[in-house]
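Note that ligands are numbered from 1 as they come in the structure, with each ligand's atoms numbered from 1 the same way.
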Amino acid sequence: MIASRIDLLKYNEFEFFLKRDDLLGKINGNKARKLAFLETNKHQFKKGQVFISYGSSQSNALAALAIFCHENDFKLIFICEKISSFLKENPHGNYLTALKCGVKIIENEEFANRKSKALSLKKPDDIFIEEGIAIKEAEIGYKNLALELQKQLNEKVDIFLPSGTGTSAAFLAKHSKFKVFTCACVGDSAYLREQILALEPNYDFSNLTILNPPKKYHFAKPYLEFYELYKDLKSQCKVEFDLLYDMVGFKTLLANKEIFENKILYIHQGGLDGNVSMLRRYKYKFD
Ligand SMILES: *Cc1c(COP(=O)(O)O)cnc(C)c1O
């Protein structure tokens, strides 16, 4: 069973709990929660079992799947779009982790998208994993997280976590007795709802509120205000947050402070290995 601690922190005058899933281990953050079902069931697979997935060559999902397969003598095939020559010549971050774990990384050149290419390569016994590990089997990890939080907290909280595919927020809200709030970091709120409904067609949104960020941000674009917030949070809270999701998360959280009825519990979903490449871009652009 995995478990992480809860800290009480303050940013400016804003006091909040922080669930330290970033400290879960080599595979951490929400990718560890998503992979909990595979961890539990891994003995059902033979050595050499092939897993096949697709997504960004710098994604946390790639690194998490790479470590999982490497540790268990499984094979991972991962399809991404064309990799920049800079990254190929200077491997770093999640891409480097994947290379070290022996992942077979294939660039999509001929298909309309990387998913089609991944499906074309899948053999009958291969296990196909959707981008971002957005799969219904991930639910069990969030059921456990909801119970873990219930045991650890002795006061009522409102939970906040930023979303990519919405898998984490949706499954946590489904099992949590606390209200869950999220925001879309990739696309807008309507797109986030769509993704959650693709995961679970009859999803009941009654315990999940999707808040709009204070303005429109483009995913993975460097914004000076994010870089400043990242540095501020780091110096005041002594915690490093993820630059892709957490900055949109904190902007949204702070802009909506007055709507929460209880103290916020923010879930740190890891992702710090992905910061290496973003920080390089920030330093180049703003320092
Ligand atoms: C993958 C990831 C997310 C997005 O999670 P979803 O379940 O797809 O919404 C958010 N934050 C971090 C740090 C991540 O690695």
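Stacking of Arg33 on the aromatic ring of Tyr142 is not recorded, the 6.0 Å distance cut-off and the 45° axial limit not both being met. Taking the ring centre of Phe16 as origin, the terminal cationic atom of Lys10 falls outside the region bounded by 6.0 Å and 45° from the ring axis. A cation-pi arrangement is absent between Lys221 and Tyr217 under the rule of less than 6.0 angstrom and at most 45 degrees off the ring axis.
Ligand 1 lies less than 4.0 angstrom from a heavy atom belonging to Lys34. Judged by the shortest distance from any of its heavy atoms, Gly166 lies inside the 4.0 Å radius around the atoms of ligand 1. Judged by the shortest distance from any of its heavy atoms, Ala169 lies outside the 4.0 Å radius around the atoms of ligand 1.
For the pair Glu39 and Lys42, the salt-bridge criterion is met [side-chain N within less than 4.0 Å of a carboxylate O]. Contact check on Glu130 versus Lys115 returns a salt bridge, with a Lys/Arg side-chain nitrogen under 4.0 Å from an Asp/Glu carboxylate oxygen.
Here the heavy atom of the protein found nearest to atom 12 (C) of ligand 1 is Tyr245 CD1, 3.4 Å. Looking at atom 13 (C) of ligand 1, its nearest protein heavy atom turns out to be Gly270 O, 3.2 Å. In terms of protein heavy-atom proximity, atom 8 (O) of ligand 1 is nearest to Thr165 OG1, 2.5 Å. Protein heavy atom nearest atom 2 (C) of ligand 1, with residue, atom name and distance: Lys31 NZ, 2.6 Å. Of the protein's heavy atoms, Ser168 OG, 2.6 Å lies nearest to atom 7 (O) of ligand 1.
Against a heavy-atom cut-off of under 4.0 Å, Gly164 is close to the following atoms of ligand 1: 4 (C), 5 (O), 6 (P), 8 (O), 9 (O). With ligand atoms numbered from 1 in the order given, ligand 1 contributes 7 (O), 9 (O) to contacts under 4.0 Å with heavy atoms of Thr167.
Ring-centre distance between Tyr230 and Tyr282: not below the 6.0 Å cut-off.
A distance of 10.5 Å separates CG of Asn207 from CZ of Phe178, quoted to the nearest 0.5 Å.
Residue-level proximity to ligand 1 for Asn30 is carried by the side chain, the only part with a heavy atom below 4.0 angstrom.
Considering only non-hydrogen atoms, atom 15 (O) of ligand 1 lies nearest to Asn60 out of Leu199, Leu192, Asn28, Asn60.
Checked options Ile267, Leu18, Leu145, Leu24; the residue passing with Ser4 is Leu24 (criterion: side chain to side chain contact (heavy atoms under 4.5 Å, CB included)).
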